[in-house]
Amino acid sequence: MTRQDPSSPAADGAAQSRALLRPVVPLRSLSGEVCNRLAEQITSGGLAAGTKLPSEQEMMAAMGVSRTVIREAVAALRARGLVVTRQGAGAFVNPDPSQQPYSIDPEGLGSLEGVIEVIELRMAVEAEAAALASERATDAEIAEIREAQAAMAAVIANGERGIKEDLAFHRAIAAATRNNRFVEFLAYLGRLIIPRQSIRSFDGNPDSMRSYLRRIEREHEAILQAIEARSAKKAREAMRRHLLNSRERYRQLASSLR
């Protein structure tokens with residue numbers, strides 16, 4: 001077999017083709033980019049502990065982004081424990097960066113591996129939340145869960161993805177535990193707990209999407225019925241089964257892409 005001369009036109013063409021067809025790296029959001037830029041300066045020592053960050057106006061003008069983008073970036077840095085904010089004074093690099101709270105990088109939740117990890121974390125938390133809700137929920141709180149389930153059924157019937165309604169169902173169960181830590185946990189994860197908004201696995205296949213959503217609807221109904229029956233055991237099992245099924249679906253999707 002004759003080796004190709006790396007200086008030949010054919011070799012140049014092949015190199016250009018490889019450069020053109022290399023995998024596309026998804027762009028970060030603007031707030032994510034600002035957050036990472038500031039985080040790099042903080043962790044590298046470019047911004048020393050206790051240093052005041054530039055003002056919102058300075059960063060908006062220099063980076064060409066909106067006030068909302070800056071505030072989202074600073075909020076993310078605060079959640080990571082890299083900055084502290086003082087009312088009326090601004091944001092400062094945390095003088096004690098070793099005291100950082102637990103955090104999940106939302107950039108990692110766009111991958112199948114990240115989605116599966118979060119589903120497994122949710123199993124441990126939400127299965128117990130469903131059990132506690134079955135024991136503690138008031139009639140009004142059970143009505144909230146039932147309304148969330150009905151809202152999701154309605155949007156699925158209309159051919160919609162039901163992301164907001166799915167999240168509302170899980171939040172209603174967390175609220176029914178009467179333990180605000182469960183509510184805070186779901187608020188921390190936010191809309192990222194609904195994988196189908198970041199993993200577009202059903203694009204171009206509406207029938208598969210409808211079938212999948214109807215299965216979720218049935219699983220939600222089983223959870224609701226267990227909570228209404230005041231059965232902690234059944235509620236725990238129904239929520240765990242729901243999340244196990246979600247994990248299995250994304251594991252199968254990951255295998256199909258290897």
Side-chain angles (χ1 to χ4, degrees), residues 18-122 125 161 163-164 167 170-171 181 183-201 203 246-247 250 253-254 257-258:
R18 285 194 298 272
L20 173 65
L21 298 177
R22 71 187 185 278
V24 174
V25 178
L27 296 174
R28 293 190 182 103
S29 65
L30 285 175
S31 60
E33 188 61 45
V34 172
C35 175
N36 280 292
R37 187 181 300 183
L38 290 168
E40 286 168 6
Q41 285 293 306
I42 292 169
T43 55
S44 69
L47 288 170
T51 301
K52 186 179 186 296
L53 297 188
S55 69
E56 287 183 352
Q57 290 290 350
E58 288 175 313
M59 287 193 280
M60 288 163 57
M63 299 181 186
V65 296
S66 69
R67 186 182 304 276
T68 299
V69 167
I70 297 298
R71 289 184 174 176
E72 287 179 353
V74 171
L77 290 169
R78 189 171 62 243
R80 290 168 60 178
L82 292 176
V83 304
V84 293
T85 53
R86 300 172 191 164
Q87 187 67 34
F92 297 79
V93 177
N94 191 342
D96 185 8
S98 65
Q99 301 298 315
Q100 293 188 19
Y102 171 74
S103 66
I104 296 174
D105 181 2
E107 295 291 338
L109 298 185
S111 70
L112 287 167
E113 292 78 8
V115 164
I116 291 167
E117 289 172 354
V118 171
I119 289 173
E120 291 179 342
L121 175 61
R122 289 176 59 203
V125 176
R161 297 172 75 91
I163 292 168
K164 179 180 69 175
L167 180 55
H170 287 271
R171 282 178 168 168
R181 299 303 179 191
V183 177
E184 291 171 354
F185 175 76
L186 291 195
Y188 172 73
L189 291 180
R191 289 166 62 89
L192 293 169
I193 72 169
I194 310 299
R196 62 184 178 278
Q197 74 169 349
S198 56
I199 305 295
R200 311 290 289 191
S201 56
D203 287 354
S246 292
R247 184 185 68 174
Y250 288 100
L253 181 59
L257 296 176
R258 289 195 181 104

**Q** Does any part of the side chain of Ile42, heavy atoms only, come nearer than 4.5 Å to the side chain of Leu47, both counted from C-beta?
**A**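 Yes, side chains in contact.
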**Q** Under the salt bridge (Lys or Arg N to Asp or Glu O under 4.0 Å) test, which residues partner Arg181, sequence neighbours left out?
**A**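 Scan of Arg181 (salt bridge (Lys or Arg N to Asp or Glu O under 4.0 Å), adjacent residues dropped) gives Glu184.
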**Q** For a quick test of reading the model, state the closest non-hydrogen atom pair linking Val93 to Ala48 and the distance between them.
**A**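 Nearest heavy atoms, Val93 then Ala48: CB-O, 3.3 Å.
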**Q** Taking C-beta and beyond as the side chain, do Glu33 and Val65 meet within less than 4.5 Å on heavy atoms?
**A**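 The answer is no; the side chains never approach within 4.5 Å.
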**Q** Verify side-chain contact (heavy atoms from CB on, under 4.5 Å) between Leu38 and Met59, making sure each step is shown before the conclusion.
**A** CA-CA 11 Å; Leu38 290 168; Met59 287 193 280; 4.1 Å; yes
**Q** Under the side-chain contact (heavy atoms from CB on, under 4.5 Å) test against Phe92, which residue among Val84, Val83, Thr85 passes?
**A**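 The single option meeting the side-chain contact (heavy atoms from CB on, under 4.5 Å) with Phe92 is Val84.
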**Q** Which residues pass the salt bridge (Lys or Arg N to Asp or Glu O under 4.0 Å) test with Glu120, not counting sequence neighbours?
**A**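 Once residues adjacent in sequence are excluded, the partners of Glu120 under the salt bridge (Lys or Arg N to Asp or Glu O under 4.0 Å) criterion are Arg247, Arg251.
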**Q** Please give me the minimum heavy-atom distance between Ala91 and Val74, naming the atom from each residue.
**A**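 Result for this residue pair: CB-CG1, 4.1 Å.
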**Q** Can you name the residues that form a side-chain contact (heavy atoms from CB on, under 4.5 Å) with Ala62, not counting sequence neighbours?
**A**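 So Ala62 forms no side-chain contact (heavy atoms from CB on, under 4.5 Å) with any residue.
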**Q** Grab the two heavy atoms, one from Ala49 and one from Pro95, that are nearest each other, plus how far apart they are.
**A**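 Looking at all heavy atoms of both residues, the closest pair is CB-CA, 3.9 Å.
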**Q** First locate atom CD of Gln57, then atom CD1 of Ile70, and finally report the distance between them rounded to the nearest 0.5 Å.
**A**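 Those atoms lie 10.0 Å apart.
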**Q** Quick one: which residue pairs count as a side chain to side chain donor-acceptor pair (under 3.5 Å) with a foot in residues 46-56, not counting sequence neighbours?
**A**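 Every pair satisfying side chain to side chain donor-acceptor pair (under 3.5 Å) with a residue in residues 46-56: Ser55-Glu58, Glu56-Arg67, Glu56-Arg71.
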**Q** Take Leu82 and Asn94, measure what side-chain contact (heavy atoms from CB on, under 4.5 Å) needs, and give me the verdict at the end.
**A** CA-CA 5 Å; Leu82 292 176; Asn94 191 342; 5.8 Å; no
**Q** Taking atom CD1 of Ile116 and atom CG of Leu121, what is their separation to the nearest 0.5 Å?
**A**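 Interatomic distance, Ile116 CD1 to Leu121 CG, rounded to 0.5 Å: 14.0 Å.
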**Q** Please report the shortest heavy-atom distance between Phe185 and Val125, naming the atom on each side.
**A**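 Of all heavy-atom pairs spanning Phe185 and Val125, the closest is CD2-CG1, 3.7 Å.
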